[in-house]
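The basis for the numbers below is simple: all heavy atoms, side chains too, and nothing from hydrogens, waters or symmetry mates.
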Amino acid sequence: MSSAEHIAKDQASPDGARPPSRLRQLAAASIGNAVEWYDWYAYSFLAVYFAGQIFPEGAGNSLVPLLSTFAVFAVGFFMRPVGGLLMGAVADRRGRRTALTLTILLMGGGSLLVALTPTYAATGVLAPLILVVARLVQGLSVGGEFAASTTFLVESAGPGRRGLFSSFQYVSTTAGQLLASGTAALLAALLTEQQMGEWGWRVAFLVGALLSLLGLWIRRGAQETRSSEQQAADRPGIFEALRRHPRQSLLICGITAGGTIAYYTWTTYLPTYAQVNAGFDKGDSLTVGTLSLAFFALLQPLGGMLSDRIGRKPLLLGFSLGFAVLAVPLLHLVSDSFASLLLVQCAGMVLLTGYTAIAAAVNAEVFPARVRAAGIGFPYSLTVALFGGTAPYVGTWFKQAGHADLFPWYVSALCLVSFLVYLTLPETSRQKLEK
């Protein structure tokens, strides 16, 4: 049976009612998630163009605007735990669909605010303040999006298909990132660098705001995945998952640490890393990023289906050990050669699939349904904020401090930590998911 047939095959719902179409549920989660992540990633791909517009250079150091822009990128990540907690609680108390509606509205509003951010020359310090507010709103949205969409996707899956459905979390995330990268590359090809710096980057954020309306319309067709028993039960408190399941919360942090640093290094920061450390051309680095992201998206369902057959643990161990050993030599291979960057990025994508394809399923299998969304959302988003969101800033800071060679070791060390955590995990792929 093909993967499409697996997805489309219906199963009686826990309430005895006619179940929603698997494909429709998958589309509602995936398309909306892709729009969310387009808005989020457009910032990182276009940072090199608008950094000088929003932040002034300091003491003649040309890296200061870029460093400041990535600092705001990290600030947005630190709002994600709040989003994970609040929107996760909404998903557990009011339903997954309600939370998914709220997150995409917030993301669209944040993207519009970025597009309308004035320059530093025009308004002074007000410009970076507006940018910070926009990223805080988007951080709140993204933190809640992962919690709600992860829970929604895995709960929509049929028996023995949680890994496959889980993989579409990063298929759609990558589709959004690919769309953001492709839009940035197209704008860079059509406009001069001066035009990109003056107004071209704003076009991408305006497109993101419009796409959010499309995602909102598509999500109207989603059906709630909470059982009627869950909906009738007393609503969980906002901190119930942390209070009653502290070990599981810490486990999510350990599961996520290596995955998030590897993910944001390879899918977001690597083009900038190549520009700053190897003098790679800006336009060519965006092209390499676009090609490798397309390759990465194709790998996700394969990884998900493989985990449904052989289990989650072998893939997690392969990912983490692979990066612990190979992160340093791979990043040292980055040069100003187009082929070398493409090879390094694609090699990392293969290893990374062992984590990304099944992260949603692994996280959802840790918590009971009553507090699943909030239980995943807060520790996951906190860990991403600490290690994923700071990756571009840390990498650029190491370069500015004259220790660029230390960043690959930083990535390797965090992946080794997660490897040790994965060794302790039980295999959950065959266990029934509590609805």
Side-chain angles (χ1 to χ4, degrees), residues 41-53 55 57 61-71 73 174 177-197 200-201 204 261-296 323 326-352 388 390-412:
Y41 281 117
Y43 184 100
S44 62
F45 286 120
L46 294 164
V48 293
Y49 293 107
F50 67 79
Q53 291 277 308
F55 298 95
E57 290 189 13
N61 191 333
S62 62
L63 281 178
V64 168
L66 184 59
L67 198 59
S68 299
T69 308
F70 281 141
F73 185 74
T174 305
Q177 189 173 2
L178 189 61
L179 183 59
S181 174
T183 301
L186 179 62
L187 287 170
L190 294 176
L191 303 175
T192 66
E193 186 156 342
Q194 181 179 353
Q195 289 172 325
M196 282 295 295
W201 59 272
I261 185 66
Y263 177 78
Y264 282 99
T265 297
W266 249 259
T267 67
T268 302
Y269 179 55
L270 200 56
T272 303
Y273 178 88
Q275 293 170 28
V276 173
N277 291 279
F280 206 90
D281 179 75
K282 288 180 183 178
D284 285 346
S285 68
L286 288 172
T287 302
V288 170
T290 301
L291 292 173
S292 60
L293 283 170
F295 173 66
F296 183 58
F323 265 106
L326 296 175
V328 174
L330 281 175
L331 288 176
H332 281 165
L333 284 175
V334 173
S335 68
D336 59 357
S337 162
F338 187 97
S340 75
L341 182 59
L342 183 62
L343 176 64
V344 168
Q345 199 149 11
C346 287
M349 299 301 195
V350 173
L351 292 174
L352 189 55
T390 58
Y393 182 83
V394 170
T396 306
W397 181 84
F398 273 131
K399 171 64 177 178
Q400 186 187 41
H403 302 292
D405 287 347
L406 292 180
F407 181 70
W409 288 102
Y410 173 66
V411 175
S412 178

Students often mix this up, so state it plainly: with edges at 30° and 60°, are the rings of Phe50 and Trp201 parallel, tilted or perpendicular? tilted
All side chain to side chain donor-acceptor pair (under 3.5 Å) counterparts of Thr267, not counting sequence neighbours: Gln177
By side chain to side chain contact (heavy atoms under 4.5 Å, CB included) - contacts of Leu351 (at least two apart): Phe323, Leu326
How many angstroms lie between CH2 in Trp266 and CG in Leu330, if you round to the nearest 0.5 Å? 5.0 Å
What's the separation between atom CG in Leu352 and atom OH in Tyr264, rounded to the nearest 0.5 Å? 11.0 Å
Residue list, side chain to side chain donor-acceptor pair (under 3.5 Å) with Gln275, at least two apart or on another chain: Ser285
Just jot down the side chain to side chain contact (heavy atoms under 4.5 Å, CB included) partners of Ala274, sequence neighbours excluded, or say none. Phe280, Val334, Leu341
Leu331 vs Leu270 side-chain heavy atoms within contact, under 4.5 Å: yes
Closest approach of Asp284 to Phe338 (non-hydrogen atoms, all atoms of both residues): O-CE1, 4.0 Å
With sequence neighbours excluded, what pairs up with Thr174 under the side chain to side chain donor-acceptor pair (under 3.5 Å) test? none
Return the set of residues passing ring pair (Phe, Tyr, Trp, His ring centres under 6.0 Å) with Tyr263 (not counting sequence neighbours), or none when no residue passes. Tyr170
Which side-chain N or O atoms in residues 288-295 pair as donor and acceptor under 3.5 Å with protein atoms at least two apart or in another chain?
from   : atom 1 : to     : atom 2 : distance (Å)
Thr290 : OG1    : Ser181 : OG     : 2.6
Thr290 : OG1    : Leu286 : O      : 2.9
Ser292 : OG     : Val288 : O      : 3.1
Ser292 : OG     : Gly289 : O      : 3.1
Ser292 : OG     : Gln345 : NE2    : 3.4

Please report the C-alpha distance between Val328 and Val411 in whole Å, then the side-chain angles of each, then the deciding distance to 0.1 Å, and finally whether the side-chain contact (heavy atoms from CB on, under 4.5 Å) criterion is met. CA-CA 8 Å; Val328 174; Val411 175; over 6 Å; no
Does Leu343 have any side chain to side chain contact (heavy atoms under 4.5 Å, CB included) partners at least two apart in sequence or in another chain, and if so, which? none
Using the ring of each side chain (for Trp, its six-membered ring), is Tyr273 parallel, tilted or perpendicular to Tyr269, with breaks at 30° and 60°? perpendicular
Side chain to side chain donor-acceptor pair (under 3.5 Å) pairs touching residues 331-343, sequence neighbours excluded, are Ser335-Ser340
Side chain to side chain contact (heavy atoms under 4.5 Å, CB included) partners of Thr183, counting only residues at least two apart: Tyr38, Leu179, Leu187, Ala204
Who are the ring pair (Phe, Tyr, Trp, His ring centres under 6.0 Å) partners of Phe296, not counting sequence neighbours? none
Side-chain touch Leu46/Tyr49, heavy atoms, less than 4.5 angstrom: yes
